[in-house]
Number of protein chains: 2
Amino acid sequence: MHTFKETAVTASDKTFFQLREDIVEGKILAGAKLSETELSTKYAVSRAIIREAINRLESSHLVERKANVGARVVSLTKEGLVELYQVRESLEGMAARLAAKNMTDDEVQDLNKLLSSHFDEVKDGQSYYQEEGDVDFHYRIVLGSKNNHLIAMLMNGIYHLVRMYRVQLGMAGPRVTTAFDEHRHIVQAISNRDEELAEMLMRRHITYSRNNIQNKLI
Amino acid sequence: MHTFKETAVTASDKTFFQLREDIVEGKILAGAKLSETELSTKYAVSRAIIREAINRLESSHLVERKANVGARVVSLTKEGLVELYQVRESLEGMAARLAAKNMTDDEVQDLNKLLSSHFDEVKDGQSYYQEEGDVDFHYRIVLGSKNNHLIAMLMNGIYHLVRMYRVQLGMAGPRVTTAFDEHRHIVQAISNRDEELAEMLMRRHITYSRNNIQNKLI
DNA sequence: ACCGAACCAATTGTCGACAATATAGTAGTA
DNA sequence: TACTACTATATTGTCGACAATTGGTTCGGT
């Protein structure tokens with residue numbers, strides 16, 4: 001389960017989540033215009049609700065808005081991907097460092113369990129690991145940092161955009177086993193409470209991961 | 001001049017900027033409740049405008065909102081400060097690295113000029129340097145990274161919160177000259193296009209800066 | 001044919017009113 | 001007195017209508 005606690009109560013929240021999913025999953029195309037009136041009939045809510053959702057999406061860097069003109073879904077470019085992964089490298093590197101420092105022993109143990117369950121799946125050739133498992137792994141470490149700013153930035157913003165790139169470019173292929181090894185080393189560093197190494201390995205891991213996607217865009 | 005391009009056209013924008021300033025500068029206290037009706041009379045705009053402004057402030061981590069209850073200005077805590085500076089260290093470190101890589105020669109030259117103008121001020125004992133000058137320096141480097149995600153995160157979000165801490169805790173005292181030396185070394189690394197060193201020095205610089213403020217909160 | 005100005009339709013920005021929800025206060029009972 | 005259920009009030013959530021702005025289109029002039 002990679003969905004987060006996001007307690008959606010209000011209609012505005014629900015519309016926001018729905019709209020975000022539709023954008024990330026490509027049901028609304030990258031670069032498309034977001035007409036407020038159109039969306040308000042489509043999702044059966046008032047324009048105010050749509051407006052609020054679009055504002056939130058803008059804060060998440062999933063749409064761009066110009067005053068008195070309107071909003072468009074961001075378009076996926078090679079430069080955008082590079083910039084996104086540079087930020088990710090920076091933030092997740094810090095997350096790994098902090099996780100090595102702040103995770104409880106129990107959490108570290110759970111992380112090791114997660115890793116070995118992934119090992120079993122990789123061994124059996126389950127492709128399930130690829131998306132769901134990778135996401136779980138990264139989430140676990142980010143949450144382990146115990147830094148709420150970091151958590152919010154990655155969970156509410158960056159990761160959705162990352163997923164948008166992954167989904168719409170067709171996600172990575174044969175990187176599973178090598179990524180698994182990288183995960184293993186990161187967990188090792190965290191288990192040893194080696195902050196510097198954890199950060200360095202995570203940064204490398206994300207750089208590799210970027211190279212893997214980047215080729216699809218050239 | 002440390003104000004950014006922020007072309008405010010719409011009334012919603014203006015209200016947002018005004019409200020943000022009032023919060024950062026402490027005219028609205030940390031932890032205070034933000035009543036929509038009250039603010040709408042105070043700023044002479046409709047509740048919808050206030051609502052939009054509050055939403056944006058929430059995205060900037062200046063305000064926390066609970067559904068059906070309301071919004072409060074964030075409160076300034078020691079933990080919050082530490083978390084904020086951890087993120088800043090991570091992002092600005094990356095910014096320095098990218099600036100060393102992506103700044104044009106002209107931009108590097110301008111940065112050196114800025115530094116020597118600061119030197120003159122420090123020599124003359126102008127306390128002006130402290131806030132305005134420091135901000136200029138950091139902005140210059142962040143913009144030099146040419147990474148729009150990075151720029152947006154720092155300029156629209158983190159820096160305002162940083163300033164809020166600085167203003168409301170009374171800003172640093174005798175750190176001017178030592179901070180100047182740190183700036184000098186960072187500029188040197190950028191001039192040499194030494195990405196790794198630039199990142200490392202910037203991270204240290206921010207850590208020192210945090211220690212300086214942190215003592216005020218204990 | 002080309003350029004500019006004045007209109008026009010469509011979209012966004014703003015507003016006030018109504019509905020739904022939470023909090024505080026009151027009354028009632030054990 | 002302490003606790004619960006209920007009610008009243010104030011605040012937020014949602015909506016539809018009106019105002020303002022944009023971009024395109026048409027028309028006229030050179």
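Residue numbering restarts at 1 for every chain, and letters A, B, ... go by the order of the sequence lines.
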Report summary line: From CG of A:Asn55 across to C1' of C:dT12 the rounded distance in Å is 12 Å
**Report entry** Distance below 4.0 Å between A:Ser46 side-chain N/O and D:dC15 OP1 or OP2
**Finding:** yes
**Report entry** Residues B:Glu92 and B:Tyr159: side-chain donor-acceptor under 3.5 angstrom
**Finding:** yes
Query raised in the report: Who passes side-chain contact (heavy atoms from CB on, under 4.5 Å) against A:Ala67, sequence neighbours left out?
Result: B:Val9
**Report entry** Electrostatic pair B:Glu36:B:Lys42 at N-O distance under 4.0 angstrom
**Finding:** no
Report task. Check the distance between D:dC15's C1' and A:Ile49's CD1 and give it to me in whole angstrom. Result -> 8 Å
Query raised in the report: B:Val69 side chain: which of D:dT12, C:dT12, C:dA22 is closest?
Result: C:dA22
Query raised in the report: Is atom NZ of A:Lys33 surrounded by more than 12 heavy atoms (other residues, nucleotides or ligands) closer than 6.0 Å?
Result: yes
Query raised in the report: Has B:Lys33 got a side-chain N or O lying under 4.0 Å from the OP1 or OP2 atom of C:dT23?
Result: no
Query raised in the report: When you measure from the side chain of B:Ser60 to the backbone N and O of B:Arg56, does any donor-acceptor pair fall under 3.5 Å?
Result: yes
Report task. For the residue pair B:Gln18 and B:Asp22, confirm or rule out a side-chain donor-acceptor distance under 3.5 Å. Result -> yes
**Report entry** Euclidean distance, atom NZ of residue B:Lys66 to atom P of C:dA22 [Å, nearest integer]
**Finding:** 11 Å
**Report entry** Distance, rounded to the nearest Å, where A:Tyr43 contributes OH and D:dT14 contributes C1'
**Finding:** 19 Å
Requested in this report: Provide the full list of ring pair (Phe, Tyr, Trp, His ring centres under 6.0 Å) pairs with a residue in residues 48-97 of chain B, sequence neighbours left out, each pair given once.
Outcome: A:His149-B:His61
Query raised in the report: Is the phosphate of D:dT14, meaning OP1 or OP2, less than 4.0 Å from a side-chain N or O of A:Thr10?
Result: yes
Query raised in the report: Starting at the 5' end of DNA chain D, which residue's closest nucleotide do you reach first, A:Ala67 or A:Ala44?
Result: A:Ala44
Report summary line: Here the distance between atom P of D:dT22 and atom CD of A:Glu36, to the nearest Å, is 15 Å
Query raised in the report: When the distance from CD of B:Glu52 to P of C:dT12 is rounded to whole Å, what number comes out?
Result: 13 Å
Query raised in the report: With sugar-phosphate meaning primed atoms plus P, OP1 and OP2, does B:Ile50 contact a base, only sugar-phosphate, or nothing at under 4.0 Å between heavy atoms?
Result: nothing
Please write out each protein N/O paired with an N/O of nucleotides 17-20 of chain D under 3.5 Å, distance rounded to 0.1 Å.
none

Query raised in the report: Which part of the nucleic acid, if any, lies within contact of A:Ile54, taking any heavy atom under 4.0 Å across all strands shown: a base, the sugar-phosphate backbone alone, or nothing?
Result: nothing
Query - Distance in angstrom units between A:Asp13 CG and C:dT21 P, rounded - result: 14 Å
